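To start, the structure under review is shown below, and the notes come after it.
Being a predicted model, the structure only gives us computed values, none of them experimental.
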Amino acid sequence: MALSIKRLPLCPKLRDRYLMKTFEELGVAPEIRRAIEEMGYAYPMPVQEEVIPYLLGENNDIVALAQTGTGKTAAFGLPLIQKIEIGNLVPQSLILCPTRELCLQIAGDLNDYSKYVEGLKVLPVYGGSSIESQIRALKRGVHIIVATPGRLLDLMERKTVSLSTVKNVVMDEADEMLDMGFSDSINAILADVPQERNTLMFSATMSPEISRIAKNYLHDPKEVTIGRKNESTANVRHVVYMVHAKDKYETLKRVVDYYPRIYAIIFCRTRMETQEIAAKLMQEGYNADTLHGDLSQAQRDAVMNKFRMRNIQLLVATDVAARGLDVDDLTHVINYGLPDDVESYTHRSGRTGRAGKTGTSIAIINLREKGKVRQIEKIIGKKFEYGEIPTARQICEKQLIKVIDELERVKVNEEEINDFMQEIYRKLDWLSKEDLIKRVVSHEFNRFYEYYRNKPEIETVTEERSGRKDRDAASKGSRKAEEGYARLFINLGKSDGLTVGKLMEILNKNINERINVGRIDLMRRFSFFEVEEKDAETVIGALDGILWKGSRLGVEIAGDSPDTEKAPRRDADRPSSKGGSRKGGRGRSERRSRSDRPDSEYQDKPGRKDDWKQFFQKDGWDRGPSSKGGKKSRKRK
């Protein structure tokens, strides 16, 4: 009697393997199966099981929610190739993707899958390369177009490509295309594609924009979710280091040094920050480079080629520049501060832990970003581990083991070095075996030992510790600026509508260079804020005397007093809202942890000043007297 497979006494993993479908069962043609088997494809991945049979049908639309590294390209690529009529040399399938790099990667994969499909023509169409050569290729005829929206729209406007014969449309990383502002281009492109078609939209997250575009362009789509919606890659470990803002770069260095074989992308929020961090790392001897929007296409290609060949160990990049990058075997993704849009974290972390391998996503934050950590945890369905910063001893131990491992694995070419050995033995004859080993190891190890020998350990910030510091500072009546910072007075306060966001807007609008802002105390009639001592005169010179909403600003160095701070007077310069002059008052500042001063990520935001108020209120910066979680203001009797 035949036994049901479910009744066999197999372990769960083995049972799953027996129950797993094959590519043949999914309906994949023999010539395509031959190619993918040579590439190492044994069994379909979950997204391929779901998508391939459905896309092989007609007028079947799909919204697939899946992370990078889940086998998406084969999921849509195999059925597209199989449905091509080779004898009809016109565009039959269109794949839209956000970046040049992803465009080339998809086209390359399709060529690999169709190795034994004679005569199939796949054309990548993207900006940054000769449009004339792409036009010539289109005139010769193609079956599948893989395109970035901007370049394809350009070709359509030149009347050099027709989409009237397209029967299958794929939008890969649709959420990123929308984030990059391609919404209008996608609308124009899809308007030229016949309504009777298969449409597949891949996205890592189900945002309102994705729901809207699915409603507009897809007909009764099947929704396929690999894992939970907006869930992070299962193989990724999420670690957060919460430190003082001034310690972020030093923390980054310690993390990198603690993992000697790290191969990572370091995400920064701004172009300026990527350049600064990459420059520091390169100056200190790390194999690092930067990738941002101001690089030419040739420069981007050169950087990416070096990174893929591992000639670069650390790639420092902005979110926009790194979109669509497909690099295998990344060990880490490091967030040098969390993104404004917490869903972008999903894209960042999804670049490691791919193809069944494990990876680590690290966030280096200050206390003010803790709220974002909670938001991200809800989105990805996982908890962050709060990491302890590696100590100098731990780092040196890791580096020492690395040196020993490399010595063990070094390949000895006996024939090539044989002629030199006699002289080498003579030179080293006076050293004992132990002395020789110590010298060889120290040759590589000394650099780390010398750097970390006298370095103080970095303090990990906690809410409890930060709150205790605030209480201690208040009990002592301390109102001195943090070391290295100057405390400035400004004759605007809460009664004038000043918030932290508004203050940052004033600074960004009137100061062209980058200024790090520390503690901010908002009073009723005036306020105090801290900047680095070297920038104090620049800030005063830029702000003192300018007009803001009809009031002339007064900015100067603040004085210290044991319990309260007396505001410098600006009687003549400062008309009150009632028409009279306002004199400087006294007040008790709201208690705020000095360790929480906003990092540079809050300053370098030209062109986005309208977002400041919402951003800071969301993170709990601008809490009024009755706001939940805020401190009640005190008035001096």
Side-chain angles (χ1 to χ4, degrees), residues 38-40 249-266 277-291 298-299 301-316 327-334 352 354-355 357-360 362 389-458:
E38 289 180 2
M39 296 170 65
Y249 177 73
E250 190 63 32
T251 302
L252 171 65
K253 279 195 60 179
R254 290 195 176 219
V255 169
V256 170
D257 289 343
Y258 186 70
Y259 298 101
R261 293 182 179 84
I262 191 171
Y263 179 46
I265 297 178
I266 301 169
I277 299 303
K280 285 182 179 180
L281 289 171
M282 287 187 283
Q283 286 169 5
E284 297 189 47
Y286 295 91
N287 289 330
D289 210 334
T290 184
L291 191 71
Q299 290 171 318
D301 290 344
V303 171
M304 282 310 304
N305 286 337
K306 288 192 289 182
F307 188 53
R308 287 193 176 98
M309 293 170 65
R310 297 209 178 194
N311 292 333
I312 296 173
Q313 193 176 11
L314 303 170
L315 182 66
V316 189
V327 181
D328 294 330
D329 301 327
L330 285 181
T331 61
H332 292 75
V333 166
I334 300 177
T352 186
R354 303 175 67 170
K357 298 179 181 177
T358 58
T360 303
I362 291 174
I389 299 162
T391 64
R393 180 180 178 82
Q394 289 171 331
I395 291 169
C396 289
E397 182 180 352
K398 285 273 189 177
Q399 292 294 334
L400 183 58
I401 292 172
K402 176 200 172 191
V403 172
I404 295 169
D405 287 344
E406 289 175 348
L407 282 174
E408 285 183 324
R409 289 195 300 267
V410 69
K411 182 180 178 181
V412 177
N413 194 326
E414 299 282 357
E415 292 183 4
E416 293 295 328
I417 68 170
N418 191 52
D419 293 340
F420 306 99
M421 290 309 298
Q422 187 173 354
E423 179 64 16
I424 292 171
Y425 287 143
R426 187 186 66 80
K427 289 278 290 180
L428 300 177
D429 186 61
W430 65 280
L431 290 171
S432 67
K433 174 184 174 181
E434 290 75 15
D435 286 337
L436 183 59
I437 292 173
K438 289 176 183 176
R439 287 170 184 266
V440 170
V441 171
S442 297
H443 183 265
E444 295 292 331
F445 174 70
N446 282 353
R447 176 168 64 91
F448 288 94
Y449 176 72
E450 290 297 327
Y451 180 82
Y452 284 110
R453 182 172 56 178
N454 297 316
K455 283 282 185 182
E457 300 303 340
I458 297 174

| said: Nearest 0.5 Å, please: how far is CD1 in I437 from CD1 in I404? | reply: 9.0 Å

| note | Between K402 and P260, the two heavy atoms sitting closest are CD-CB, 3.3 Å

| Quick one: side-chain hydrogen bond (donor to acceptor under 3.5 Å, both in side chains) pairs with a partner in residues 252-265, sequence neighbours left out? | K253-E284, K253-Y451, R254-E457, D257-Y286, D257-Y452

| remark: Rounding to 0.5 Å, atoms OG1 (T391) and CD1 (I458) come to a distance of 11.0 Å

| Flag, side chain of Q399 to backbone of C396, donor-acceptor distance under 3.5 Å | no

| Would you say F307 and I265 make side-chain contact, with heavy atoms under 4.5 Å? | yes

| query | Does V255 reach the side chain of I362, with side-chain heavy atoms less than 4.5 Å apart? | reply | yes

| Side-chain contact, heavy-atom cut-off 4.5 Å: Q299 with L291? | no

| Roughly how far apart are L252 CG and I266 CD1, rounded to 0.5 Å? | 4.5 Å

| query | What distance do M421 atom CE and E414 atom CD have between them, rounded to the nearest 0.5 Å? | reply | 8.0 Å

| query | Looking only at heavy atoms, which two atoms of H332 and T352 are closest? And how far apart? | reply | N-OG1, 4.0 Å

| said: Test of understanding: with side chain to side chain donor-acceptor pair (under 3.5 Å), list the residues that count as partners of D289, not counting sequence neighbours. | reply: none

| task | Mark yes or no for whether D435, through its side chain, and L431, through its backbone, hold a donor-acceptor pair below 3.5 Å. | result | no

| Is the closest side-chain heavy-atom distance between N287 and L314 below 4.5 Å? | no

| request: Kindly compute the distance separating CD1 (I417) from CG (D419), expressed to the nearest 0.5 Å. | output: 10.0 Å

| task | For L428 and L436, work out which heavy atoms get closest and say how close. | result | CD1-CD1, 4.0 Å

| field | Inter-residue atom distance E250.CD - K280.NZ, 0.5 Å rounding | value | 10.0 Å

